[in-house]
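Please read the structure below before turning to the comments.
These numbers come from a predicted model, not from an experiment. The figures here come from the full heavy-atom set of this structure, side chains too, leaving out hydrogens, waters and symmetry mates. Each chain gets a letter, A, B and so on, in the order its sequence line appears, and its residues count up from 1.
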Amino acid sequence: MSVSDATTAVTAELAARDDMIVCEGVNKWFGDFQALDGISAVIKEREVVVVLGPSGSGKSTWIRCINRLEVHQEGRIVVDGVELTNDLRNIEKIRSEVGMVFQQFNLFPHLTVLDNITLAPIWVRKKPKRETEELARSLLERVGIPEQAEKYPGQLSGGQQQRVAIARALAMEPRIMLFDEPTSALDPEMIKEVLDVMKELATSGMTMMVVTHEMGFAREVADRVIFMEDGQIVETGTPEHFFTSPEEERTRLFLSQIL
Amino acid sequence: MSNTDQATLAATQARRPPFYRDATVLKWLAQVVALLLVLFTLFFLATQAQGNLEEKKIATGFDFLGTALGSDLGSGIDTDPHTSGRALLSGAVNTIRLAIGGIIAATILGVLVGVGRLSSNWVVKRMCSVFVETMRNIPLLVQIILIFVVIASLPRVEAVGEPIHGWLHLSNKGVSIPRVHISDGFYQWLVFLLIGALVGRWVMRRRLRLHDDTGRETYPVLSFAAVLGAFAAVGWFAHPIFGWVGAIFGLVADIIDSLSQTVVQAVISALAVAAAVWWIRRFLARRRTPAGLTKLTDDDRFRIIFAAAGSAVVIVVAVTVPSLSSVLLDLAGGRGIDWLRFDNGFFGWLSEKFGNGRTGAPIDVKRPDIEQLGNFPNYGPSGLNLTQGLAAVYFGVVLYTAGFIAEIVRGGILAVPKGQTEAAQAVGLRRVTMLRRVILPQAFRVILPPLGNQYLNLTKNTSLAIAIGYTDIVQVGQTVYNQTGKTLEVVAIWMLFYLACSLTISVVVNFFNVRMKIVER
Amino acid sequence: MGLPMDPVAANVDAVEPWAGEAEPAQKPEEPSLSARQWVRQNLFSTPFNSVLTVVFGLFSLLVARGLLNFTFSEEREWDAVRTNLRLLFTHAYPEEQYIRIWVCVGTIVVLAGLSVGLLAGRGRGVSMKKLSLNLIGVGSAVALGVVLREPSVLKDADGEVLRDDDGVLRESFAAAMADRWAWWLAAAVLVGAGAALWHLLGDERRRKTFVPSVEMFVALVGLLVASAWVYPWGHYAFADGEFIAEPGRTVAMTTKLPWTVMWVLLIAAIATGRQLRRAGAGGGVRVALNLAWLLSPFVLYWVVLRDPALDWGRVATVDIPLAVLFAVGGAAVLWLLTDPRIGELGRIIATGLVGVAAFNWVAAFFGWYSMLQKVRLSFLLLALAALLAHNFAGERAQRLRLLGGWAAVTAVFHYMATIMNTPSTVETPTEALIGGFAVTVIVAVFTLLFSFPLGVLLALARTSKLPIFRVLATSFIEVIRGVPLITILIFCAVILKLFLPDGMSISLIAAATLGYTFFSAAYLAENVRGGLQSIRRGQFEASDAVGLTGVQRTVFIVLPQALRVSIPPLVGQMIATFKETSLLAIIGIFDLLRMANSVIPAQTQFLGVKREGLLFVCLVYWIFAYSMSKHSQRLEKKLGVGER
C-alpha cells in the first residue's frame, strides 16, 4: 500500500514524494453549469486542509472528484502518486487509499455497527476476519463508542452514527481522509463529539481534507484554508492569515456574512 | 498555489491505460459481447426453427391470412369468415369488445365495493370483504369455467325463464337484450355532434367568465349540455346535409392511392434519419456548455454510434421489405386489403361512411327474438346476445378484476392523509362536497397507476376464453394454426395485437396521469 | 409502455425495517361493547344506515340461500369428488408406490415445523375475545345455514327422487329442521363454547389473554387428523374396474395412519426447532435449514418421486470421474483466481474461460466436436464462478471456504444432472409422472425457484447504468408483461420444440414451467426494481468510497436492502403464480382443474358431473391463496411497509 510498491505505483514519478493530492486545471460541468473551474492545488502529506465557501461553490464536487465519486472532465488529479483515469487498477487503488465521511453518514442500515466497519477490510483488503474485528473494536474505542458494536445504525444517535462512519473509513487504513460537511446534518449538541474525533485524528498525523462550515475547527486545527466560490479557488492561506487579513474582496464578504 | 505544482505535472501527459484495464472500454465491451450473445442465440434458434420447419415441409409466411378457413365462429362481427385473416380480425374485435365492456363494468363494480369496504355499516363492510376475498383468491380460469357450467344449467331457450319476453331472455344459451346499434346516417350526425360540442364549449366558457365576473349562478355545464342536445336533436333530422364530407375523404384517399411505395419507403427512411439526427443533436446540446462543447467521453461516442446504427437498421428494413410499405399504403388509402375483407382503405372507408345518400336515422334499436333454424331454437341476430361463452368470460373477468380494483380504491382512499379530512371539515365543507372536491381527487392520483395495470390485466385475461371456446383472438388463432400449421405466425400476430392493446391502455392512463399531476401543482 | 404504472415504492423514506427489530408489544384488544351498543353503532347509527342494513342483509341472506341450495342440492353428485380424491390430488401415481408421496409430505412437514419452531415467538396470536367471537360467529352461521337450506327431497326405497306434476316432493319444514338435529347440536356446541369463554373470562381477561397461533394451528390439524379415525372420508376408485368405488375401502382408512404420523412429525419438528432456538442455535442452523428448503424440491421430485434406476457402471466410469475432475480442476482454477495479488491476469483468465464455455456451444452448433451437455454446463458454471471469483477473494480461510462451496455446488449439480438423465422406475399410465394437485404445487414451486434469480437479474439489468443491458432487460420485461400468459404457455408447449436442436426434447411440464418462469420473472423483476429504486444514493456512494466492487456492492449492500423492501409484493407474485397454475389445464396437463373439468366428467359413472369438482377446486385454491395472502398481510405489518 505504500508508494514504493512496484505493482501499484503507476504514475509515482509524476509528483514529489510528499505530495498527497495534486490537482491541475480540473474542470467539471453539470450540463450547462460549470461546477469546477480550473482547480489547481497541492496537498502535502500530514497536512490538514479545510475548504470553505458558500453553498454551491463546488467544494463538495471537488472533494468527491478526488475519490472519483464524480468524474472530472478536464484536467488531472493525482492522489498519492496515482493518477485518476479510467484505469481500473488506479481507481481500485485510490478508493482503498482514501477514506470518506459523508454529510448523511450513509451507514449500511441492514448491518450491525461491527459489520459496517469490517465489511470493506475483509472483502477489499482481504484481511482475516478475526484480525479485522479486533481492529474494528479498537477503532470504536478510539471514536468513543466501544459498547455499540452489536447495534444497528438505526438505533444510534446522529453523532454516534457519524463516529461509526469515521471508524468505517479508518478501518481501511487510508492515507488520506476526506470529510464532506461531516457535521451539517447533526444536532448542535452532537457536533462537538464528532469534531473531537476529527481533531484527534488530525493530531495523529492523518492527511485530511475537510469541507465544513465550522469556523472554530478551521481556525484551531487546519494547516491551510482554501476558500472557493463559483467553482474557483479564490484564496488559500494559513488560518491566521485567512481569518485576520484576507486579501480578496470576496473572501472578506463571505467572512463578514458568517462571523 | 505555488509554481512547483505546475511544474510537476505539466512535464508529462496522462497515459491511456491498456484496454483491459480501461473502465469505459470494458463497460462497452461487456455490453457489446452480451448483445452479440443474445443475437447469436436468437440466430441459432431461428436457424433451428427453419431447419425443423423445412424438414416438416411447412412453409413460413403470412400468405395463409388470405386463404380460406374451414370453420365457423360462434359469435362476432363475422360468424362465417371467408379467410383466416378475416377470422382473426373478427376474434380481435371480440377481444376488444370484451375488454372495453369489462373495463367499464369492473370499474363501476370495483369502486362501489371498494367504497363499501370502508362503510361504517357492518353488513355492507362484511359483504364487500367477503366478495373481495372470494374473487381474489380463486383463480380466474376456475371462476370462468364454473360460470360457464352454471349458465349451462339454466333452463332451455323455449322453456320458462324468460323474465320479460321480447326484452330480456335468460337461458342456457346466455342472455339476450335489445340491441342499440349505429345505423345509416350516424356519421353525418356525428359531424353535427362535433360542431355542437365546439359551440357548447364556447358557450360554457362565456358563462364561466360571466360567473367569475358577476358571481351569479350561470349553470355552465348545463348550458353546454343544452347546446349539445339541441344540435343532436336538429342533427337527427338534418344530418343528410353533411353528405358532402365524404367527398373530402375520397379526395384524400385518391391522393394516397396515387403514391408509389417508393414514396413510403422514402418517408420511413427520412423519419428514421430525422429521429436519429434529432436525438444526437439533443444529446450534443445537453453536453454543450457556455464554454463550448464539453469533451465527449467514450461513453458519449458509443451512444451516438448506437443511435445512428439503430436508424440504419430501420432504413434497411424499410428498403428490403417493400411489401411492408405497400401494405401501409393500401391500409391508409382507398384500396384496402383483400384478405381482411377491408375492401376500402381507411380513407376510402371514411369517404363511404360520410358519403351522400344516407338518410336513415343515426341510431336504431332492435328487440331480441328467437329463431329455430334446425332442431334447436336459438337467439336470432337482432338482439344483443351474450352467448354462454361470452357471458362466462365477461362475468368472470368483471367480477375477478372488480375484486382487485376494490382493493386499489380502498387503498387509495386510505392513503389520503387524515389531516385533509379534518381540514375540509374545519372549513365547513359538507360530506359530499368534501368527498368530491378533496378526498377523491387526491385518492385518484394514487389509484390511477395500479388501476391502469388492472385494465391491462383484464384485457390479457380475456384470452382465457380459449378454455371455454369463446372466439376471441387466441381461440381463433388456435383454430387457424390447427388448420394451417402456422404456429409461429399466429403467435406473432397475438403478441403484436396484445402489445398494441397494452400500449393503447398505457397511453390513455398516462394521459390522465399527467393531467392529474398538472392539476395538482 | 407501462411507465406510469410502475410499482415503484413511492414512500422511500417510510421503510426502515431494521429499526423495528423489537417484538411488537402485547397490545390488548379494545374494550368490548355490549351487544346493544354494538348493534346501534354498527348497524343502525343513522336512518340511511338502517336502510342499508336491511336491504343488504336481505340480499346477503338470499345469496347465501342460493349458494347453499346449489351446493347441497339433491342434483349434486358429491360422490364424484369423494370417489376421485386420489385422482384429484395425484392422478395416476401408482398406489403401491404411495409411500414415496408420504416421504415427500413428511419432509416438507418436518422442514416447515423446524422453521416455525426456529422463528416462533413473534406476534401475539389470537386473543380470547376474538376466539370466542369467532366460535359464536361460526356457530351462528351453521344455524343460519340449517334454517336457510330448503327441506330435503323425498326419496323412495331405491333412492329415486319422488316427483309430482309441480316438480320434486320435499319434506315439511318442521320435519327438515328435526332431521338436521346433528347440525343443530354442532351449532349449539360452538355457540355455547364461545359464549362460555366470553362470560367466564370477563372483559379484562378475555382482552388480554392470547392463544399462540402455532399451538392453535397444531390443535386444529390434530382435530382434522383425528376425524379420519372416526369418519370415513372419501372412497377409493378402481381405475378400470366395474365399480368406481371399492366397497369398504375409504380414503380415511388408508390415510389415517400416515396423517397421524405427519402430525406427530410436525409436533416433534416444532419442538426441536424451539429447542434449537432456546439453545441459541444461530446462523449455522438457519443456513442449513434454508439450504434444505432449497434442495428439497429437486431431491423430492427427481429422486424420491421418480426413483431413478441408475446405471452404476456408467456412474462409476463416467459420471463420478467427471464430477471429481470438475470439482478438483475448478477448485485449482479458483484457488489461483482468488489470490489477492493476481490482479488483471485473473480477469484475463476468467474471460478466457468464458470464451471456452461459449465456444463449446458454437462448436455444437456447427457440429465440430461432441460433448455431454453436462460438461458444457459445467464449463459455463466454472466460467461464471471464475468471473466472480476476485470479488470474493480473501485470506486463506476465506479462499478455502470458497473452494468448499465450489466442490459442493459441483457435486450437487452433477448428482442432479445424472439423476435427471436417468429413466424413472415408477410406471404410470400417463406421460407425466404425477398429476392433479401435486403437479400444480410442483410447477408453482419450480417456477418460483427459477424465476426468482432470473427476476433479480432482470431487475438489476433494468436499473443498470449500462444502456444495452437496460434496453435488453426492458424489452424482455415489457414484451412478456404485455402479452397474456396463455400465449406464452402455448408458445412453450407448441412452438418451443421447433427451436430445439436435433435429438433434444422437452417434456410438456418442463416447457410449461419454462413459460411460467419467464412470465413470473418479468413481474418479479418489476417488484424488485421497486425495491432497488428505494435505496438511497448515499448507499451506493458509501460502497464505492470504501472500495467495494460493483458485484460486492450489489451482493452485500444493494440486494439485501432491496429484497427486504420488496418482500410483500414478492409474496403477492407468489400467490398469483399459484393461481395461474390452473392454466396448465388448457395446454393439456392433467392438473387439478383438468381433473375436475375433463377427467371426472368423462367417467361413465359421473358423466357430465362438473359442478361438484369445480366447487371443490375453488375451495382448494381458495384455502391456499387466502392463507398465503393473510400471512403476507401480517408480514407486511411486521415490516412496517405501507404504513403511513
Side-chain angles (χ1 to χ4, degrees), chain B residues 20-21 27 30-32 34-35 37-38 40 44-45 48-49 52-53 119-124 127 133-134 136-143 145-146 149-150 153 303 306 415 417 448-450 452-453 456 460-461 463-464 466-467 474 478 487-488 491 494-495 498-499 502-503 506 509-510 513, chain C residues 1-7 42-43 45 49 52-53 56-57 59-60 70 344 347-348 358 361-362 365 466-469 472 478-479 481-487 490-491 494-495 497-501 575 579-583 585-586 593 597 610-611 614-615 617-618 621-622 625-626 629 644:
Chain B
Y20 58 85
R21 265 183 10 215
K27 203 168 87 180
Q31 292 186 79
V32 170
L35 188 66
L37 266 180
V38 170
F40 175 77
F44 167 74
L45 292 175
Q48 288 297 338
N52 283 331
L53 286 173
S119 159
S120 59
N121 186 299
W122 186 83
V123 175
V124 176
M127 269 186 68
E133 293 299 351
T134 315
R136 275 157 47 104
N137 288 316
I138 297 175
L140 174 59
L141 182 60
V142 181
Q143 290 190 36
I145 293 179
L146 192 64
V149 172
V150 170
S153 63
R303 287 209 178 93
F306 270 99
L448 198 57
N453 267 340
L456 254 172
K460 291 190 290 169
N461 280 338
S463 62
L464 294 182
I466 192 177
V474 175
Q478 199 185 28
T487 38
L488 268 176
V491 168
W494 285 343
M495 294 206 159
Y498 280 106
L499 286 178
S502 304
L503 203 63
S506 294
V509 172
N510 213 351
N513 214 9
Chain C
M1 89 202 47
L3 271 182
M5 303 163 194
D6 296 331
N42 289 294
L43 299 180
S45 57
N49 243 338
L52 276 185
T53 304
F56 279 93
F59 178 68
S60 57
F70 179 79
E344 290 83 37
R347 272 176 217 156
I348 293 169
W361 262 288
V362 178
F365 176 58
L466 310 181
I468 292 184
F469 287 151
L472 286 177
E478 291 302 345
V479 166
R481 275 161 48 93
V483 301
L485 173 59
I486 187 64
T487 57
I490 291 179
F491 179 87
V494 180
I495 304 182
K497 294 191 283 245
L498 292 179
F499 289 108
L500 292 177
I575 300 171
K579 285 192 292 174
E580 279 154 3
T581 50
S582 55
L583 265 65
I586 299 180
L593 178 60
N597 192 38
K610 271 188 184 180
R611 273 156 270 179
L614 288 172
L615 281 173
V617 172
C618 281
Y621 270 112
W622 188 85
Y626 181 75
S629 76
R644 281 153 210 275

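Leu45(B) contributes atom CG, which lies 12.5 Å from atom CD1 of Ile495(C) (distance to the nearest 0.5 angstrom). Residue Leu52(C) holds its CG atom at 8.5 Å from OG of Ser120(B), rounded to the nearest 0.5 Å. To the nearest 0.5 Å, the span separating CG on Leu35(B) from CD1 on Ile468(C) amounts to 5.0 Å. Separation of atoms CD1 (Ile145(B)) and CG (Leu593(C)) is listed at 4.5 Å; rounding is to 0.5 Å. With rounding to the nearest 0.5 Å, the separation of OG in Ser629(C) from CG in Asn137(B) is 4.5 Å. Taken to the nearest 0.5 Å, the CG atom of Leu488(B) stands 5.0 Å off from the CZ atom of Phe499(C).
For Ile138(B), the parts sitting under 4.5 Å from any heavy atom of chain C are the backbone and the side chain alike. Contact annotation for Met495(B): both backbone and side-chain heavy atoms come within less than 4.5 Å of a heavy atom of chain C. Residue contact with chain B, scored on non-hydrogen atoms closer than 4.5 Å, involves the side chain of Leu472(C) exclusively. In this structure, chain B has heavy atoms under 4.5 Å from both the backbone and the side chain of Asn49(C).
The local environment of CZ in Phe56(C) is sparse, with at most 12 non-hydrogen atoms from other residues, nucleotides or ligands closer than 6.0 Å. Around atom CZ of Phe59(C), no more than 12 heavy atoms belonging to other residues, nucleotides or ligands sit under 6.0 Å away. Within 6.0 Å of NZ on Lys27(B) lie more than 12 heavy atoms contributed by other residues, nucleotides or ligands.
Remark: side-chain polar atoms of Lys579(C) are paired, donor with acceptor, to backbone N or O of Arg136(B) under 3.5 angstrom. A donor-acceptor pair under 3.5 Å links the side-chain atoms of Trp622(C) to the main chain of Glu133(B), judged by distance alone.
Residues Thr487(B) and Leu498(C) meet the side-chain proximity criterion, which asks for heavy atoms closer than 4.5 Å. The closest side-chain heavy-atom distance from Arg481(C) to Asn453(B) is below 4.5 Å. Residues Trp361(C) and Leu37(B) are not in side-chain contact: their nearest non-hydrogen atoms beyond the backbone lie 4.5 Å or more apart.
Note: Ala49(B) leads Ala34(B), Ser153(B), Ala49(B) in heavy-atom pairs under 4.5 Å with chain C. Taking Ala467(B), Pro417(B), Pro139(B) one by one and counting their heavy-atom pairs under 4.5 Å with chain C, the maximum is reached by Pro139(B). Counting heavy-atom pairs under 4.5 Å between each of Leu500(C), Val494(C), Val617(C), Ile575(C) and chain B puts Leu500(C) at the top. Taking chain B as the reference chain and counting heavy-atom pairs below 4.5 Å, the highest number among Ala585(C), Pro467(C), Ser60(C) is found for Pro467(C). Ranked by heavy-atom pairs under 4.5 Å with chain B, the first of Leu485(C), Leu615(C), Leu466(C), Ile586(C) is Leu466(C).
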The test is side-chain contact (heavy atoms from CB on, under 4.5 Å); show your working for Ser463(B) and Thr487(C) and say whether it passes.
CA-CA 8 Å; Ser463(B) 62; Thr487(C) 57; 5.5 Å; no

